[in-house]
J.: 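First the structure, which I've put down as structure tokens, then a few questions once you've had a look.
In what follows, every heavy atom counts, from backbone to side chain, and hydrogens, waters and symmetry copies are set aside.
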Amino acid sequence: MSGTPERLEAIAAVTKYQPSSSPLNFVETPSSELFGSNVFSMKVMKSRLPKEIFKRLRETIEQGAKLDPSVADVVAAAMKDWAIERGATHYTHVFYPLTGSTAEKHDSFLQPDGQGGVINEFSGAQLIQGEPDASSFPSGGIRQTFEARGYTAWDVTSPAYVYENRNGATLSIPTAFVSWTGEALDKKTPVLRSMQALDKQARRILELFGHSEISMVSSTAGPEQEYFLIDRNFYFARPDLLNADRTLFGAPPPKGQEFDDHYFGAIPERVLSFMLDCERELFKLGVPIKTRHNEVAPGQYEIAPVFETSNVATDHQQLIMTILRTVAEKYGMACLTHEKPFAGVNGSGKHVNFSLANATQGNLLDPGDTPHENAQFLVFCAAVIRAVSTHSPLLRAVVASAGNDHRLGANEAPPAIISIFLGDVLSEVFEQIKKGGTKTSRKARTLKIGADVLPTLPMDSGDRNRTSPFAFTGNRFEFRAVAANQSIAGPLVVMNTAIAESLDFMATNLEKATKGDPKKLNAAVQKLLKQTISEHDHVIFNGDNYTEDWHEEAESRGLPNLKTTVEALPALTSRASVSLFSKYKVLTKRELESRQEIYLEQYINTVRVEANLTVEISRTVIFPAAVRYQGELAATCANLKQLNYTFDTDTLDHVTELVKGLQDSTAELNRLLDHEGHRNILAEAKHACSKVLPAMLKVREYGDKLENVVADDLWQLPTYQEMLFIK
């Protein structure tokens, strides 16, 4: 393979890579012993805390009871001793600001003892509350930059853990992050508020169905994380990946994903070593990783945990992304969680599997063997349908980002139209309800494969629909539109709150209809379900969401098609959204307005950074290579002319045309970047979306064409072929 010396050196480093650490030993320390070993878990608390303190703490964690501040000193002392035994020297309040990333400030346990020595101290007050500087985190106008005070508050429902580094360890305490005025500046606080609202309304439904013992109802989540791995030598040779996490130039390789040979294929040894190491670290932190495999695109992979309560799942999802990135460095690779790091190949999502459950009634979205007879399930399922139908613009808004705009609707991910896939069985049941009552539902079947040596397999009640943004998959819904680089907090907040509102509506309706008489429940449920599905079945679609026919049909159904972030984000502050979040005390109007402003600003900044990089790479990397090649061609033509050889200048003419196009398009993009933001932030976002992004694509068009023409030994940027296939 030819190329610049820098590219060849990078390829040599990849092909000659040797592991820098000893092999992991899962025999000496099995995964079962490893799991949760660095977590201040219920088991650890039970063994280290006085019985009464543990009982009070457990009531808060498992039943949502109010936290008793008097337990904090005892818990802090036990937590400190446990952490120090595991090598911790510092503690940190981990929080999740509206940047979407993880934040932390570390403090030492050591305190001077006044006699020239030190002691380890960690009080209840230090456990419960921290005070990081809030001025440098986005607040969307809630806080002025000169007003710095913000508070972190201990979230007892998400367990503390010891995070290890090769040179030490830190006690990490998950916390909420709020302003001095008590407004949410983070992702966690609204999740906890929405879970509280959901629990309250779900219990009302369960009480109507005669349950006397009802434990806290929580939404549960199991997010699938897709990501790319490339060698760090290639990563550092690409200014666009280094600064924007995606390639802004890059011609398609001769081979992409068209053979479908990467999906579920044998995992390369170096990648598998990385995966095993990631899983080992995540097991220690109590993250229940279940799945690993090759994804569709070359160089793309997936990791997925089993279900946990939404709050813990959200925190663990942030840990997963952190571990993926840090462990990748150990193996000489870079982990890319951007939604579309490579044009023309499959993008990365974070499919959030979602359900409702508690300890006493189990999974509330499990239809059982006869869903048409399971009235309780049908009520909860109908509540989800109603929630998605009523608040589909809001669901679209919370998955909106500059990165996800490159993925949604690209025949690899769901379209921007939010619809629900129910499958044949549930669709038939709800259709019967709509017509006046349920009588049957399809029975479970078996599948005979045709070879006697192979077993007969139990069949699922329906096929999967990978094109649907919100699909029922047997005993849960899968929100497939969530972006790979996003926190799952935003989608969970909307799902929790919207479903809480629907459950509230349904509980109120049933309470009025039955007036405490359980004998009237069945008729009331049938009437309510018929009304609900008649009003909201326009959001149900079991077909191919990728087709143009569906887009036309969706428009006729009145389903919104918010194709870009700029179109979607205003839904955050719509009258319906403000009313929803205010009613259930999840987010105030001011908090919603701040989020909309922050996300629009992030969109503008993302596009501006990418546009500046496009100009820089075009002028300092691609243009010089193209002009050098143009010069070589011109010199060759001149030499041939002197020798009186017959020749044509087609290649030189083509390169000259492309160089001129590159120059002109780059100049136009640079002109558009000079646009002054004298109008409001939404207008600036619209300018970025409608003017800057198309101009960037024009520059890329010329750059990618030049990559396919310019001599390989002049091309400095690692190519798609190299980055995606050399492992």
J.: Any Lys/Arg nitrogen of Asp199 or Arg193 sitting under 4.0 Å from an Asp/Glu carboxylate oxygen of the other?
T.: no
J.: Is the shortest heavy-atom distance from the side chain of Phe209 to the side chain of Val379 under 4.5 Å?
T.: yes
J.: Which word best sums up how the rings of Tyr301 and Tyr227 line up, parallel for under 30°, tilted for 30 to 60°, or perpendicular for over 60°?
T.: tilted
J.: Once you measure the plane-to-plane angle for His293 and Tyr263, does it fall in the parallel (<30°), tilted (30-60°) or perpendicular (>60°) bin?
T.: perpendicular
J.: Does the ring centre of Phe472 sit less than 6.0 Å away from the ring centre of Phe477?
T.: yes
J.: Give the minimum heavy-atom separation between Gln602 and Leu98, together with the two atoms involved.
T.: NE2-O, 2.9 Å
J.: Identify the two heavy atoms, one from Val191 and one from Asn496, that lie closest to each other, and give their separation to 0.1 Å.
T.: O-ND2, 4.3 Å
J.: Of all heavy-atom pairs between Phe54 and Met42, which one has the smallest distance, and what is that distance?
T.: CE1-O, 3.6 Å
J.: Kindly say whether Glu269 contributes a backbone atom to a donor-acceptor pair with the side chain of Ser273 at under 3.5 angstrom?
T.: yes
J.: Could you pull out the closest heavy-atom pair between Lys187 and Gly100, with the gap in Å?
T.: CE-CA, 4.1 Å
J.: What is the minimum heavy-atom distance between Asn358 and Ser215, and which atoms define it?
T.: ND2-O, 3.1 Å
J.: Atom CD of residue position Glu213 - does it have more than 12 heavy atoms of other residues, nucleotides or ligands inside 6.0 Å?
T.: no
J.: If we ignore hydrogens and angles and just use 3.5 Å, is the side chain of Asp231 paired with the main-chain N or O of Met333 as donor and acceptor?
T.: no
J.: Check the angle between the aromatic planes of Phe95 and Phe177 and answer parallel, tilted or perpendicular using the 30° and 60° thresholds.
T.: tilted
J.: Side chain of Thr60, backbone of Ala65: donor and acceptor closer than 3.5 Å?
T.: yes
J.: Checking side-chain polar atoms at under 3.5 Å, does Asn542 have a donor or acceptor matched by the opposite partner on Asp424?
T.: no
J.: Once rounded to the nearest 0.5 Å, what's the spacing between atom OG1 of Thr360 and atom CZ of Arg203?
T.: 8.0 Å
J.: Would you check if there is a donor-acceptor pair between the side chains of Gln225 and His351 at a distance under 3.5 Å?
T.: no
J.: If we ignore hydrogens and angles and just use 3.5 Å, is the side chain of Gln300 paired with the main-chain N or O of Gly347 as donor and acceptor?
T.: yes
J.: State plainly whether the residues Lys284 and Glu164 are in salt-bridge range, i.e. N to O under 4.0 Å.
T.: yes
J.: Val399 and side-chain contact (heavy atoms from CB on, under 4.5 Å): which partner among Val482, Val494, Val352, Ile418?
T.: Val482
J.: Mark yes or no for whether Ser487, through its side chain, and Ala489, through its backbone, hold a donor-acceptor pair below 3.5 Å.
T.: yes
J.: Would Gln318 and Asp315 count as having a side-chain donor-acceptor pair, cut-off 3.5 Å?
T.: no
J.: Can you tell whether the side chains of Arg476 and Asp366 come within less than 4.0 Å, N to carboxylate O?
T.: no
J.: Sub-3.5 Å donor-acceptor pair from the side chain of Arg386 to the main-chain atoms of Ile499, do we have one?
T.: no
J.: For Ile420 versus Val384, what's the shortest heavy-atom pair and its separation?
T.: CD1-O, 4.3 Å
J.: Would you confirm whether the ring centroid of Phe342 sits within less than 6.0 angstrom of the ring centroid of Phe228?
T.: yes
J.: Output yes when a side-chain donor or acceptor of Asn165 lies under 3.5 Å from a complementary backbone atom of Ala169, and no otherwise.
T.: no
J.: When you compare the side chains of Glu224 and Asn353, does any donor N or O come within less than 3.5 Å of an acceptor on the partner?
T.: yes
J.: For Trp154, does its backbone N or O pair with a side-chain atom of Thr175 as donor and acceptor, under 3.5 Å?
T.: no
J.: Verify, without hydrogens or angle tests, whether Ser219 (side chain) and Ser355 (backbone) share a donor-acceptor contact under 3.5 angstrom.
T.: no
J.: Just by distance, no angles: are the side chains of Arg325 and Thr337 close enough, under 3.5 Å, to form a donor-acceptor pair?
T.: yes
J.: Quick one: side-chain contact (heavy atoms from CB on, under 4.5 Å) partners of Arg232, sequence neighbours excluded?
T.: Phe236, Glu329, Ala334
J.: Got a salt bridge between Arg292 and Glu279, using NZ or NE/NH1/NH2 to carboxylate O under 4.0 Å?
T.: yes
J.: Any non-hydrogen side-chain atom of Glu339 less than 4.5 Å from a side-chain atom of His406?
T.: no
J.: Do the side chain of Arg270 and the main chain of Lys727 share a donor and acceptor less than 3.5 angstrom apart?
T.: yes
J.: When you compare the side chain of Arg480 with that of Phe470, does any pair of heavy atoms fall below 4.5 Å?
T.: no
